[in-house]
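Written out below as structure tokens is the structure these notes cover.
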Amino acid sequence: MHMFTCLRVWQFIVRKPSTVNRHCRFVVRMSSTDRTGPSDTKKSFEDKYFDCAANGNVEELKFLLQATFNSDHRNDKGWTALMLAARNGQVHVIEALLQKGCDINLVNKTGQTAEDIAVFWDQKKAANMLTDFIKKENPDKQLRNYFSLNNLDRMAENRKDKDWLQSRLKKETTRFIIFSDLKPLVRLSGDATQRYKYTLVRLAYSDIEFLLKTNPLLVFLGVESDESTKDNSTVLDEAGQALFALDVTDTDESKFKTLVGEAEFTTSYHVLMQLEPSDAGIFAEARSLLDWLDRYKFCATCGSATTVAEGGYKRICDNKSCRTNKGIHNTCYPRTDPSVIMLVVSPDGKRCLLGRKKQFPAKMYSCLAGFMEPGEALEDTCRREVYEESGVRVGRVDYHSSQPWPFPCSLMLGCLAHATSENIKVGEDEMEDVQWFRRSELVQMLTKQHPQGLYIPPEQAIAHQIIKAWVRMTANL
Ligand SMILES: NC(=O)C1=CN([C@@H]2O[C@H](COP(=O)(O)OP(=O)(O)OC[C@H]3O[C@@H](n4cnc5c(N)ncnc54)[C@H](O)[C@@H]3O)[C@@H](O)[C@H]2O)C=CC1
Ligand SMILES: [Mg+2]
Ligand SMILES: [Mg+2]
Ligand SMILES: [Mg+2]
Ligand SMILES: [Zn+2]
């Protein structure tokens with residue numbers, strides 16, 4: 001899949017070009033002649049790259065982009081090449097950088113995106129180009145968090161029909177993604193400079209037929225839809241490519257080496273966070289389902305064995321007289337555990353509350369978060385969890401966006417919470433530290449330039465997106 005799709009993940013609803021800092025200056029650093037040694041070579045390479053972007057030298061920029069190099073690299077003002085090109089209206093450079101898959105939603109140290117910069121400096125052509133690109137990728141301007149971009153039509157009605165499922169299984173176009181012990185089979189598909197360079201390995205029925213003899217877990221994930229099929233269920237049913245997840249936990253993993261070559265079963269967080277975003281969404285669906293099917297084998301009501309039905313979306317109790325066989329019971333369906341994650345803003349609107357759980361890597365701070373409890377509105381969960389973890393009182397709560405978190409089945413509901421008190425009393429059962437941070441410090445943490453090395457979770461985490469959204473909203477404070 002093309003890298004452009006990745007950018008869909010990072011769109012924001014909040015746009016406030018009028019709040020852009022009008023005193024910002026752009027600086028293009030010229031390469032110094034008296035530098036020597038490898039780090040200086042790298043520095044002059046970067047300087048050259050920024051020069052080309054700012055001055056419209058497309059041919060040389062394209063040449064530099066071929067090298068192993070992070071095209072979203074920032075200068076000391078937190079500016080990317082795309083921002084420099086936007087500042088100077090270099091539309092050809094912008095075109096080349098977007099094609100390369102540069103992140104259009106990164107912000108500089110004053111919270112401006114490339115689009116904000118182009119608008120601010122009256123670079124109309126560049127601004128229109130960036131706006132059109134954002135609209136095309138995400139017409140609703142709705143934030144799509146990592147793990148939530150899933151282009152499958154799940155065909156919930158069809159999956160109840162065993163014959164339909166069976167015919168889908170054997171269709172030539174049908175594909176299977178493979179899991180062993182909840183580890184997906186992935187391969188490196190992009191070049192090393194791309195942010196999302198792994199894809200799920202998809203096999204055909206003829207590849208996996210021999211594995212079906214032992215009756216492994218098989219989950220129907222849906223039918224891949226595109227522009228031509230998404231609003232027409234008949235066409236989708238005929239032409240769409242069905243996708244199943246196959247669990248091969250009891251099969252010798254080395255068999256897959258001969259089948260697919262350079263691919264690996266992985267639980268590496270690092271690799272999973274670099275899945276092509278639409279595959280990350282498919283992975284999330286498949287992993288949560290396989291985990292549920294594996295861990296909920298017995299009826300929660302009477303303890304009898306259960307049988308998998310509806311393509312993996314239901315477990316039916318084998319005990320005919322069980323209550324769950326009379327009427328609809330939620331214990332037969334996959335779980336989703338809602339939890340809230342919130343950026344708490346101080347009463348004066350200038351600081352945010354972040355904390356460290358005991359298990360976090362050193363120096364990482366994140367939004368406070370917690371599981372919802374029965375009978376709670378999500379606003380009340382925010383208030384309770386913030387109070388438990390920090391002693392701070394919260395009033396109004398605004399919803400931001402959500403993120404499925406498939407380890408094993410959380411749904412993170414992201415919010416902005418407005419504090420009504422400031423005193424912190426760290427909830428030591430869970431937290432190691434909780435602090436108020438000023439906006440300027442959040443920017444340093446966001447751009448990994450904090451003097452004490454403090455940082456926040458990566459952009460794949462909803463916490464990062466909520467923090468980034470607040471930094472953007474408050475760009476002129
Ligand atoms: N993306 C991010 O930056 C962050 C994400 N998170 C996620 O937020 C979610 C909730 O946050 P926590 O601080 O862990 O919740 P929490 O503050 O409610 O505390 C966790 C404790 O809640 C209890 N609990 C209640 N219901 C549970 C359930 N359904 N599953 C597991 N434990 C449950 C357990 O005793 C557990 O130790 C987790 O999935 C966590 O991975 C948490 C912090 C940052
Ligand atoms: Mg918590
Ligand atoms: Mg808690
Ligand atoms: Mg809790
Ligand atoms: Zn039962």
Side-chain angles (χ1 to χ4, degrees), residues 143 145-148 269 272-273 284 287-288 291-292 295-296 300 330 334-347 351-437 441-442 445-446 454-471:
L143 171 63
N145 285 302
Y146 198 68
F147 291 131
S148 74
Y269 185 75
L272 294 176
M273 294 301 140
R287 192 196 183 282
S288 288
D291 181 274
W292 174 72
R295 289 198 295 151
Y296 290 75
N330 61 355
R335 285 192 66 98
T336 299
D337 297 341
S339 50
V340 294
I341 179 157
M342 50 270 151
L343 184 64
V344 182
V345 181
S346 61
R351 285 156 304 147
C352 288
L353 195 64
L354 299 182
R356 277 186 50 73
K357 283 184 85 158
K358 291 173 182 160
Q359 310 88 314
F360 279 8
K363 305 198 178 195
M364 189 179 94
Y365 279 78
S366 186
C367 295
L368 304 184
F371 285 98
M372 292 185 72
E373 293 190 356
E376 242 177 358
L378 82 89
E379 293 86 345
D380 289 327
T381 315
C382 285
R383 294 181 185 114
R384 176 182 54 74
E385 283 288 347
V386 172
Y387 186 68
E388 284 172 9
E389 297 180 8
S390 69
V392 169
R393 292 291 185 185
V394 160
R396 185 187 166 84
V397 173
D398 293 318
Y399 173 73
H400 177 265
S401 65
S402 68
Q403 178 175 48
W405 195 253
F407 309 100
C409 55
S410 296
L411 174 66
M412 314 286 305
L413 301 161
C415 298
L416 263 189
H418 301 276
T420 55
S421 73
E422 290 187 21
N423 286 346
I424 293 175
K425 183 174 177 297
V426 177
E428 286 174 359
D429 276 355
E430 185 183 343
M431 307 303 290
E432 187 181 274
D433 186 29
V434 180
Q435 287 183 38
W436 289 108
F437 291 92
E441 238 183 317
L442 285 186
M445 291 160 87
L446 205 57
L454 307 186
Y455 68 100
I456 60 166
E459 56 200 334
Q460 290 86 340
I462 186 173
H464 182 106
Q465 297 302 331
I466 307 172
I467 294 169
K468 194 154 88 171
W470 184 78
V471 165

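Order of listing sets the numbers, starting from 1, for every ligand and every atom in it.
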Sequence-distant partners of Ser346, side-chain hydrogen bond (donor to acceptor under 3.5 Å, both in side chains), two or more places apart: Asp348
Non-neighbouring partners of Arg335 that pass side chain to side chain contact (heavy atoms under 4.5 Å, CB included), sequence neighbours left out: Trp292, Tyr296, Asp337, Cys409
Under 3.5 Å: donor-acceptor pair, side chain of Gln403, backbone of Ser148: no
Within residues 362-373 or reaching into it, pairs that qualify as side-chain hydrogen bond (donor to acceptor under 3.5 Å, both in side chains) - sequence neighbours excluded: Tyr365-Asp433, Tyr365-Gln435
Over 12 foreign heavy atoms within 6.0 Å of CZ, Arg393: no
Protein N, O or S atoms lying under 2.8 Å from the Mg ion (ligand 3), listed by chain and number: Glu385 OE1, Glu389 OE2, Glu430 OE1
Derivation and outcome, side-chain contact (heavy atoms from CB on, under 4.5 Å), residues Met445 and Leu354: CA-CA 11 Å; Met445 291 160 87; Leu354 299 182; 4.0 Å; yes
